[in-house]
2 protein chains.
Amino acid sequence: MTDAFNIHAFRNVVRAAEADLYRELFRQHKNRIKVKKESVAVRNLARIFEAALALGNEKGFSAMSMRDLGARSGLSMGALYTYFTGKDALLDMIQQSSLNIIARIINDQVKENHPAPKKLSRAILAHLYLSEIMHPWFFFAFMEAKNLNKNARQKAIEIELCIENIFADIITAGQQAGVFRKVKSDLAAAMIKALLQDWYLKKWKYESRHVGVETYAGLITGMVESYLLISTET
Amino acid sequence: MTDAFNIHAFRNVVRAAEADLYRELFRQHKNRIKVKKESVAVRNLARIFEAALALGNEKGFSAMSMRDLGARSGLSMGALYTYFTGKDALLDMIQQSSLNIIARIINDQVKENHPAPKKLSRAILAHLYLSEIMHPWFFFAFMEAKNLNKNARQKAIEIELCIENIFADIITAGQQAGVFRKVKSDLAAAMIKALLQDWYLKKWKYESRHVGVETYAGLITGMVESYLLISTET
DNA sequence: GTCTATATCTGGATAGAC
DNA sequence: GTCTATCCAGATATAGAC
């Protein structure tokens with residue numbers, strides 16, 4: 001709940017959440033993971049996830065071999081298998097973790113009370129910053145979603161909709177307050193989400209045009225406000 | 001150049017283009033393809049592509065085995081290999097074909113001269129309809145782009161930008177004609193493209209909400225026009 | 001806890017019959 | 001033109017040394 005609305009302060013929030021993530025992950029799978037020392041396990045889990053995200057995003061998770069993963073993470077194949085039961089399980093763990101960490105941070109960031117337009121632009125900023133800092137996680141979560149088992153895919157959809165609802169609720173509130181036009185709020189939210197998503201799916205494009213995250217935030221906010229705000233004749 | 005601005009008429013344009021596609025593909029690889037009879041080759045190429053798109057979109061191209069592909073297309077593994085030299089080559093062929101057919105049809109559809117706002121909404125409609133009809137192609141082209149070799153990936157980027165330029169040019173023209181606000185036209189185009197893309201990347205979402213392609217077209221057009229049009233005080 | 005070596009299997013590719 | 005049978009590289013996963 002720190003007022004972290006520049007990307008640098010935000011970065012610390014994320015770093016802390018990431019550290020928590022691996023600790024929780026270890027405790028959650030404690031019974032199965034053969035390694036007993038938390039500090040060791042947490043360090044290796046971090047290495048494994050980092051390597052898996054990088055390789056998965058480069059050539060696709062299913063094209064990544066366990067040898068690749070071992071080489072990149074600095075662990076032997078034997079060691080890898082002490083942390084998860086198989087490649088499928090690893091995929092599930094990564095996806096679960098991304099969804100959890102993303103949902104948690106976003107929810108944290110929209111708790112404060114503000115007028116709808118400000119709240120909306122804050123939510124947009126929070127999502128953009130987060131996807132910028134956690135780019136590999138966002139990209140992976142989207143690109144590999146279809147390769148999950150049915151349950152996990154269901155959960156991915158739930159969280160996608162949950163995040164979208166955050167935006168829809170803000171829009172609805174603004175409409176009730178009389179500051180937003182009465183468009184369908186769920187569809188407006190879907191469009192905002194589409195714009196947010198482009199930022200992490202087409203990073204290369206914005207980089208090559210030297211468009212930074214703040215600039216992009218301004219663009220989305222501008223477009224969305226011109227669509228939603230009731231024009232007060234100036 | 002038929003005035004095909006409802007989706008049904010559009011469907012015929014696409015069907016014809018698809019038939020052409022396989023014929024051209026055969027002629028292009030004639031020297032290498034062992035099958036000599038055009039009618040046979042064209043029929044089988046169509047089956048193979050259809051199966052590969054379906055399987056690739058279900059579980060990812062690299063997770064699709066040649067045995068899967070054989071079963072789904074109704075051809076034996078031996079037969080498959082008379083049409084392409086290997087799995088990589090097949091991926092390249094599919095991607096090349098999608099990009100070609102998409103670029104060609106879109107270009108065809110924006111030749112006519114109209115005032116910028118109308119031209120813009122037509123281009124949006126054309127892109128949406130096309131992605132609706134050729135959904136498997138669009139989805140595949142996007143999701144598998146990162147698995148291509150360097151040359152092919154370069155070409156994919158080129159075509160992405162080429163399509164975006166169509167939108168940017170229309171916006172620039174509208175600005176010069178004094179009907180559009182002077183925002184950066186390349187970034188506005190990128191945002192339109194993001195919205196168009198959501199339609200085929202998140203098809204499940206719009207289906208489950210019973211939002212049809214015409215409704216979605218209206219939404220995008222509405223949002224874009226509220227952003228671009230210079231407000232004429234009514 | 002981690003490594004190396006190895007068992008086992010999957011899946012791309014081909015040879016040769018029909 | 002198409003199929004079946006087979007080869008073999010490379011992948012997952014495990015056993016057992018250290």
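So you know, we letter chains A, B, ... as the sequences are listed, proteins then strands, and number each from 1. Note that the structure is a prediction, hence the values are computed from the model and not measured.
Sorted by first and then second residue, the salt bridge (charged side-chain N to carboxylate O under 4.0 Å, His left out) pairs with a member in residues 60-70 of chain A read A:K59-A:D68; sequence neighbours excluded. Residue pairs meeting the salt bridge (charged side-chain N to carboxylate O under 4.0 Å, His left out) criterion with at least one partner in residues 30-42 of chain A, sequence neighbours excluded, are A:R27-A:E38.
Here the C1' atom of nucleotide C:dG11 and the CG atom of B:L90 are 15 Å apart, to the nearest Å. In this structure, the CG atom of A:D68 is 10 Å from the C1' atom of D:dA11, given to the nearest Å.
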Contact letters for nucleotides 12-18 of chain C, in which S counts primed atoms plus P, OP1 and OP2 and B counts the base, heavy atoms under 4.0 Å:
BBB----
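Residue A:Y83 is in sugar-phosphate contact alone, with no base atom involved, counting any heavy-atom pair closer than 4.0 Å across all strands shown.
Taking the ring centre of B:F61 as origin, the terminal cationic atom of B:K87 falls inside the region bounded by 6.0 Å and 45° from the ring axis.
A heavy atom closer than 4.0 Å to some atom of DNA chain D occurs in no member of residues 31-56 of chain A.
With sequence neighbours left out, B:D88 forms a salt bridge (Lys or Arg N to Asp or Glu O under 4.0 Å) with no residue at all. A:E24 meets the salt bridge (Lys or Arg N to Asp or Glu O under 4.0 Å) test with A:R104; sequence neighbours excluded. Annotation: salt bridge (Lys or Arg N to Asp or Glu O under 4.0 Å) contacts of A:E18 (sequence neighbours excluded): none. Scanning for ring pair (Phe, Tyr, Trp, His ring centres under 6.0 Å) contacts around A:Y200 gives A:F138, with sequence neighbours left out.
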Under 3.5 Å, which donor-acceptor pairs do the side chains of residues 90-101 of chain B form with other protein atoms, sequence neighbours left out?
residue: B:D92; atom: OD2; partner: B:N149; partner atom: ND2; Å: 2.8
residue: B:Q95; atom: NE2; partner: B:A141; partner atom: O; Å: 3.4
residue: B:Q96; atom: OE1; partner: B:K155; partner atom: NZ; Å: 3.0
residue: B:S97; atom: OG; partner: B:M93; partner atom: O; Å: 2.7
residue: B:S98; atom: OG; partner: B:I94; partner atom: O; Å: 2.7
residue: B:S98; atom: OG; partner: B:Q95; partner atom: O; Å: 3.3
residue: B:N100; atom: OD1; partner: B:K155; partner atom: NZ; Å: 3.2
residue: B:N100; atom: ND2; partner: B:Q96; partner atom: O; Å: 3.3

